[in-house]
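Counting starts at 1 for both ligands and their atoms, following the listed order.
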Amino acid sequence: MRLGTGFQSCRVNNQTGGALMKPNSDQNITTAWTNGLLATMDPEVDDQYGILPHHSLLTQGARIIGIAPTRGLDLADFDEVVDLNRALVTPGLVDCHTHLVFGGDRAGDWEMRLNGFSYAQVAAQGGGINLTVTATRQTSFDDLYRASRHRLEAMMAEGVTLVEAKSGYGLELEAERKLLEVVRGLDEYLEVDLVPTLLAAHSLPPEFVGRPDDYIEEICRHIMPKLWREGLFEAVDIFVENMAFNLDQARRLFRAAAELGIPVKAHAEQMSAMGAGRLVAEFGGLSADHLEYLDEDGVLAMSGQGVVAVLLPQAFYFLRDAKVPPIDLMRRHGVPLAVATDFNPGTSPFASIRQAMNMACTLFGLTPAEALAGVTRQAARALGRGHSHGQLKSGYKADFAVWEVKRPVEIFYELSASPLVDRVFNGISSMF
Ligand SMILES: [Zn+2]
């Protein structure tokens, strides 16, 4: 019997297109979630999924306050008791690399690539990231908000409760601020946590053609410090690639970030070995993402500093890449492996974290347990939230997903039908 308060809608906000305000759970309400199979993803539990059978998940408001054997638990001690009907419970899923907020689309780019042009050739002919930059600059805050909200709701419908969202389609102060304010608005009004990242160093804007060093200087001196002071992002990212920025420019950006105490990450070694994985490690960064061309030195450097490798198999698939990231090498050296969608209009128009898990296994050779850890515990760590998200554990957020499956691999086995039956955010059942 469910006695919970369920989904609560609050006030309507005009500016954000009628979004519901994020519900606040009553911090005092205690709930025992019983009769579920808990895949805690806690590495201290002796099972690859951290499964604890015959246990109940205990929450108070938005926090997990314990996991205890159901037998011997006095349910009368709790304000609410929820029967999970033998469903599998995982931590809320985490998408730790997305480009959620953008205007326009890149279907024309894709058609060109299907007709034989390379990604670099498409960019050189006016497509690529800067096509999205033009469209995004011309799109209003409200329209960006509405489009992003729909994308985010598709993610949430798959059990996602924490999403990283990058800027990077504005490439000048006001437009980058607009994107990050959209992310803040989404975080404020939807039943999901967002982590904003500044990716002003995504591509060279048209105003700086031929002057990449000047643009890096503009980011270091103006864009980054101003938006940081406004509290609009949590980490700084850069696309290190022949068609974007080089290692020296990344180093300058990271030095400026370090002076402000800003964590760093990079789009690294996607199309060529540039050394960005090593550079992120040198600066003690959060993650290096993509990594198809990561070499052994880079693996060792990342391993030594605990830098998370964020694998993006949908971009690999959509770009029809052939070179797979060095999974075995990273596994051997204990590099934490996260998995994300890289959702973006050009190279990964897929918001599905379940598809990302599926492809991480089929294309990159991850085990199902590695894939689930990759979108829970390891993804949370890539966002600097490893202490609060991504595990079912006392003290962690009461964000979890309830699946009508017998074994965890079924979460991402049949992509056409989601087995999600409930999604709990801040201790509140928000879907069914
Ligand atoms: Zn990306």
Atom pairs and distances, side-chain donor-acceptor, residues 320-331, under 3.5 Å, sequence neighbours left out:
{"unit_1": "Asp328", "atom_1": "OD1", "unit_2": "Arg331", "atom_2": "NH1", "d": "2.9"}
{"unit_1": "Arg331", "atom_1": "NE", "unit_2": "Glu370", "atom_2": "OE2", "d": "2.7"}
{"unit_1": "Arg331", "atom_1": "NH2", "unit_2": "Gly365", "atom_2": "O", "d": "3.1"}
{"unit_1": "Arg331", "atom_1": "NH2", "unit_2": "Glu370", "atom_2": "OE1", "d": "2.8"}

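Using a 4.5 Å heavy-atom cutoff, the side chains of Glu234 and Arg385 are in contact.
Under the side-chain hydrogen bond (donor to acceptor under 3.5 Å, both in side chains) criterion, Thr59 pairs with Trp33, not counting sequence neighbours. For Arg221, the salt bridge (Lys or Arg N to Asp or Glu O under 4.0 Å) criterion is met by Glu217, not counting sequence neighbours.
A tilted orientation is assigned to the rings of Phe343 and Phe102, their planes being inclined by 30° to 60°.
Residue Asp399 comes nearest to Asn426 through the heavy atom pair OD1-N, 2.8 Å, listed as atom of the first residue, atom of the second, then distance.
Protein N/O/S atoms closer to the Zn ion (ligand 1) than 2.8 Å number 4 in this structure.
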